[in-house]
Amino acid sequence: MRGTLRIGTRRSPLAVWQAEHIQGRLEDTFPGLRCTLKRIVTEGDRILDVPLAAVGGKGLFVNDIESSLLAGECDLAVHSMKDLPGELHPGLVLAAVPPREDPCDALICRDDSHRLATLPAGACVGTSSLRRAALVRAFRRDLTTETSRGNVETRLRRLDEGRFHAIVLALAGLKRLGLAHRVTEVLSPDFFLPAIGQGALALECRESDVELRRMLARIHDPVTGTVVQAERSFLATVEGGCRTPVACHGTLSDGVLTLSGMVASVDGSLCLRRASTGSPTDAERLGRELAQQILDAGGREILEAIQT
């Protein structure tokens with residue numbers, strides 16, 4: 001067994017926490033293994049003054065790390081699953097998915113007596129996500145949304161400084177950073193569908209690194225892997241990303257995989273949802289067929305209007 005492992009990660013505090021978490025899991029599982037972190041500044045980290053949708057979408061957070069993998073500068077990449085595009089770079093594989101943290105979104109209000117339903121008319125909600133902005137507007141047409149980018153701490157600071165009345169962040173990231181006490185309201189996935197893969201981590205390596213793939217299988221969680229497979233199949237079929245408000249959320253209970261998906265207009269005025277259930281052995285097909293149902297019911301026209 002190899003004695004060292006180089007882990008590629010973004011430099012944000014949350015990304016480093018996630019990489020160190022996987023480092024700990026691997027070193028505990030394989031005594032004698034020593035991991036080092038390679039902190040990489042991605043294009044998404046460098047471009048902070050414009051919305052992601054305007055500069056190429058979520059791949060901006062993984063492209064530089066994948067290039068480092070392919071160049072042999074690191075052995076393993078740890079990503080937030082929701083940052084991973086539907087199609088991986090040739091030569092790379094999604095080798096393992098550890099147990100998922102809570103996938104829900106969280107509302108953090110400057111006045112913590114408020115909830116999404118009670119924010120004053122005209123209140124401004126900060127978010128970097130077209131999906132979150134669309135869902136906020138779908139729920140409350142009288143609210144406004146404004147782009148808020150940067151790491152978790154930066155967004156919280158802008159809220160505290162008065163730039164927004166509220167912001168929406170992933171609950172998983174807040175929990176991992178010990179900031180769950182800032183949450184005003186956990187937004188139910190029954191309405192506020194999470195991003196595809198939200199709360200899960202993606203462990204990516206070179207397809208040719210058979211030894212590492214066998215090692216990573218030891219920390220893979222089959223339940224999370226199955227659910228994420230269905231969600232990512234939905235993503236690949238609708239060809240969505242940061243430039244389109246799409247969502248898909250799955251659960252696996254008592255041997256039944258339940259999947260809910262959505263395609264929305266940017267302003268939230270159109271919000272097309274469908275749900276389906278099936279066997280976990282058919283996860284990929286279930287995601288693909290759910291996406292096709294939504295596309296055929298009008299989702300294709302919504303997406304085409306956004307992309308033109």
*Asks:* Can you confirm whether Leu187 sits close enough to Leu116 that some side-chain heavy atom of one is under 4.5 Å from a side-chain heavy atom of the other?
*Replies:*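 The answer is yes, as the side chains (C-beta and beyond) meet within the 4.5 Å cut-off.
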*Asks:* Side-chain contact, heavy-atom cut-off 4.5 Å: Thr224 with Pro98?
*Replies:*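 They are not in contact (no side-chain heavy atoms under 4.5 Å apart), so the answer is no.
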*Asks:* Can you name the closest pair of heavy atoms from Ala172 and Asp102 and give their distance?
*Replies:*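 Minimum heavy-atom separation between Ala172 and Asp102: CB-O, 3.5 Å.
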*Asks:* To the nearest 0.5 angstrom, please state how far the CD1 atom of Ile7 sits from the CG atom of Asp75.
*Replies:*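 If we round to the nearest 0.5 Å, Ile7:CD1 and Asp75:CG are 9.0 Å apart.
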*Asks:* Are any of the side-chain heavy atoms of Val125 and Ile167 separated by less than 4.5 Å?
*Replies:*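 No, their side chains stay 4.5 Å or more apart.
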*Asks:* Minimum heavy-atom separation for Val97 and Ala200, please, with both atom names.
*Replies:*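 Minimum heavy-atom contact is CG1-CB, 4.3 Å.
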*Asks:* Give a yes or no on whether the backbone of Arg274 and the side-chain of Gln293 come within a donor-acceptor separation of less than 3.5 Å.
*Replies:*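 Checked: no pair found.
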*Asks:* Is the closest side-chain heavy-atom distance between Glu20 and Val16 below 4.5 Å?
*Replies:*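 Glu20 vs Val16: side chains touch.
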*Asks:* Indicate whether the side chain of Arg10 and that of Ser80 have a donor and an acceptor atom separated by less than 3.5 Å.
*Replies:*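 Short answer, no.
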*Asks:* Are side-chain heavy atoms of Val136 and Phe192 found at a separation under 4.5 Å?
*Replies:*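 Touching, per the 4.5 Å side-chain cut-off.
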*Asks:* Could you state the interatomic distance from CG (Leu69) to SG (Cys205), rounded to the nearest 0.5 Å?
*Replies:*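 Going from the CG atom of Leu69 to the SG atom of Cys205 covers 7.5 Å.
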*Asks:* Are any of the side-chain nitrogens in Glu101 or Arg176 under 4.0 Å away from the carboxylate oxygens of its partner?
*Replies:*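 Judged by the 4.0 Å cut-off on N to carboxylate O distance, Glu101 and Arg176 do not form a salt bridge.
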*Asks:* Decide yes or no for Cys248 and Val238: does some side-chain heavy atom of the first lie under 4.5 Å from some side-chain heavy atom of the second?
*Replies:*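 Answer no - side chains too far apart.
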*Asks:* Under 3.5 Å, sequence neighbours excluded: what are the donor-acceptor pairs made by side chains of residues 251-263?
*Replies:*
none

*Asks:* Only one of Arg214, Arg2, Arg6 passes salt bridge (charged side-chain N to carboxylate O under 4.0 Å, His left out) with Asp209; say which it is.
*Replies:*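 So, applying the salt bridge (charged side-chain N to carboxylate O under 4.0 Å, His left out) to Asp209 and each of Arg214, Arg2, Arg6, only Arg2 qualifies.
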*Asks:* Mind jotting down which residue pairs meet the salt bridge (charged side-chain N to carboxylate O under 4.0 Å, His left out) criterion with at least one end in residues 182-204? Sequence neighbours excluded, please.
*Replies:*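 Residue pairs with at least one partner in residues 182-204: Asp160-Arg182.
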*Asks:* Is there a side-chain contact between Leu212 and Leu76 in this structure, where contact means two heavy atoms from C-beta onward sitting under 4.5 Å apart?
*Replies:*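 They are in side-chain contact.
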*Asks:* Using a 4.5 Å cut-off on heavy atoms from C-beta on, say whether the side chain of Cys109 contacts that of Leu107.
*Replies:*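 Side-chain contact under 4.5 Å: yes.
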*Asks:* Ignoring hydrogens, what is the shortest heavy-atom contact between Gln229 and Ala283? Give both atom names and the distance.
*Replies:*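 Taking Gln229 first and Ala283 second, the nearest heavy atoms are OE1-CB, 3.6 Å.
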*Asks:* What's the separation between atom CG in Leu5 and atom CD1 in Ile22, rounded to the nearest 0.5 Å?
*Replies:*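 Output value for this atom pair is 11.0 Å.
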*Asks:* With sequence neighbours left out, what residues match Arg285 under side-chain contact (heavy atoms from CB on, under 4.5 Å)?
*Replies:*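 Scan of Arg285 (side-chain contact (heavy atoms from CB on, under 4.5 Å), adjacent residues dropped) gives Asp282, Arg288, Glu289.
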*Asks:* Scan for salt bridge (charged side-chain N to carboxylate O under 4.0 Å, His left out) pairs involving residues 224-235, sequence neighbours excluded, and state none if there are none.
*Replies:*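 For residues 224-235: Arg100-Glu231.
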*Asks:* How far apart are the closest heavy atoms of Ile219 and Pro99, and which atoms are they?
*Replies:*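 Where Ile219 meets Pro99 most closely, the heavy atoms are O-CD, 4.3 Å.
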*Asks:* For residues 125-145, which residue pairs qualify under ring pair (Phe, Tyr, Trp, His ring centres under 6.0 Å), counting only residues two or more places apart or in two chains?
*Replies:*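 Every ring pair (Phe, Tyr, Trp, His ring centres under 6.0 Å) pair that includes a residue of residues 125-145, provided the two are not neighbours, is Phe139-Phe191.
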*Asks:* So how far is it from Leu193 CG to Gln198 CD, rounded to the nearest 0.5 Å?
*Replies:*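 Here the rounded value is 10.5 Å.
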*Asks:* With sequence neighbours left out, what residues match Ser233 under side chain to side chain donor-acceptor pair (under 3.5 Å)?
*Replies:*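 Checked Ser233 against side chain to side chain donor-acceptor pair (under 3.5 Å); zero matches.
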*Asks:* Could you name each residue pair satisfying ring pair (Phe, Tyr, Trp, His ring centres under 6.0 Å) that touches residues 78-110, not counting sequence neighbours?
*Replies:*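 Applying ring pair (Phe, Tyr, Trp, His ring centres under 6.0 Å) to every pair that reaches into residues 78-110, excluding sequence neighbours, yields nothing.
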*Asks:* Considering residues, nucleotides and ligands other than Glu87, do more than 12 of their heavy atoms fall under 6.0 Å from its CD?
*Replies:*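 No, CD of Glu87 has 12 or fewer neighbouring heavy atoms, counting only those of other groups under 6.0 Å.
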*Asks:* Without hydrogens or angle criteria, can the side chains of Asn151 and Thr154 be said to hold a donor-acceptor pair below 3.5 Å?
*Replies:*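 Yes, Thr154 and Asn151 have a side-chain donor paired with an acceptor closer than 3.5 Å.
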*Asks:* Please identify each residue that fulfils salt bridge (charged side-chain N to carboxylate O under 4.0 Å, His left out) with Glu146, with sequence neighbours left out.
*Replies:*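 With neighbours one apart ignored, the set is Arg163.
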*Asks:* Can you tell me how far the CG atom of Asn63 sits from the OG atom of Ser68, to the nearest 0.5 Å?
*Replies:*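 Interatomic distance, Asn63 CG to Ser68 OG, rounded to 0.5 Å: 12.5 Å.
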*Asks:* Indicate yes or no for a side-chain donor-acceptor contact from Ser148 to the backbone of Arg155 under 3.5 Å, with no hydrogens or angles considered.
*Replies:*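 No.
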*Asks:* Holding to salt bridge (charged side-chain N to carboxylate O under 4.0 Å, His left out), I want the full list of residues that pass it with Arg300, two or more places apart in sequence or in another chain.
*Replies:*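 Counting only residues at least two positions away or on another chain, Arg300 forms a salt bridge (charged side-chain N to carboxylate O under 4.0 Å, His left out) with Asp296.
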*Asks:* For a quick test of reading the model, state the closest non-hydrogen atom pair linking Val168 to Thr127 and the distance between them.
*Replies:*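 Where Val168 meets Thr127 most closely, the heavy atoms are O-OG1, 4.4 Å.
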*Asks:* If you take all heavy atoms of Ala95 and Leu216, which pair is closest and at what distance?
*Replies:*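 That would be CB-CD1, 3.5 Å.
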*Asks:* What salt bridge (charged side-chain N to carboxylate O under 4.0 Å, His left out) pairs are there with at least one residue in residues 112-134, not counting sequence neighbours?
*Replies:*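 Salt bridge (charged side-chain N to carboxylate O under 4.0 Å, His left out) check on residues 112-134 returns Asp105-Arg131, Asp105-Arg132.
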*Asks:* Please determine whether residues Phe164 and Leu119 belong to a single hydrophobic cluster, defined as Ile, Leu, Val, Met, Phe, Trp and Tyr linked transitively by side-chain heavy-atom distances below 4.5 Å.
*Replies:*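 In one cluster: no.
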*Asks:* Could you please spell out the steps behind the side-chain contact (heavy atoms from CB on, under 4.5 Å) verdict for Thr244 and Leu130?
*Replies:* CA-CA 7 Å; Thr244 52; Leu130 289 182; over 6 Å; no
*Asks:* Working to the nearest 0.5 Å, report the span between CG of Leu235 and CD1 of Ile196.
*Replies:*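 One finds 4.5 Å between CG of Leu235 and CD1 of Ile196.
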*Asks:* Between Glu207 (side chain) and Leu92 (backbone), is there a donor-acceptor pair under 3.5 Å?
*Replies:*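 No, Glu207 side chain to Leu92 backbone: no donor-acceptor pair under 3.5 Å.
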*Asks:* Tell me, please, which residues at least two apart from Arg137 pass side-chain contact (heavy atoms from CB on, under 4.5 Å).
*Replies:*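 With neighbours one apart ignored, the set is Arg141, Thr145.
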*Asks:* Suppose we screen for side chain to side chain donor-acceptor pair (under 3.5 Å). Which residues come up paired with Ser279, at least two apart in sequence or across chains?
*Replies:*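 In terms of side chain to side chain donor-acceptor pair (under 3.5 Å), with neighbours along the sequence ignored, Ser279 is linked to Thr281.
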*Asks:* Quick check on the hydrophobic clustering: are Leu270 and Val246 connected, directly or via other members, by side-chain heavy-atom contacts under 4.5 Å?
*Replies:*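 Same cluster: Leu270 reaches Val246 through Ile, Leu, Val, Met, Phe, Trp or Tyr contacts under 4.5 Å.
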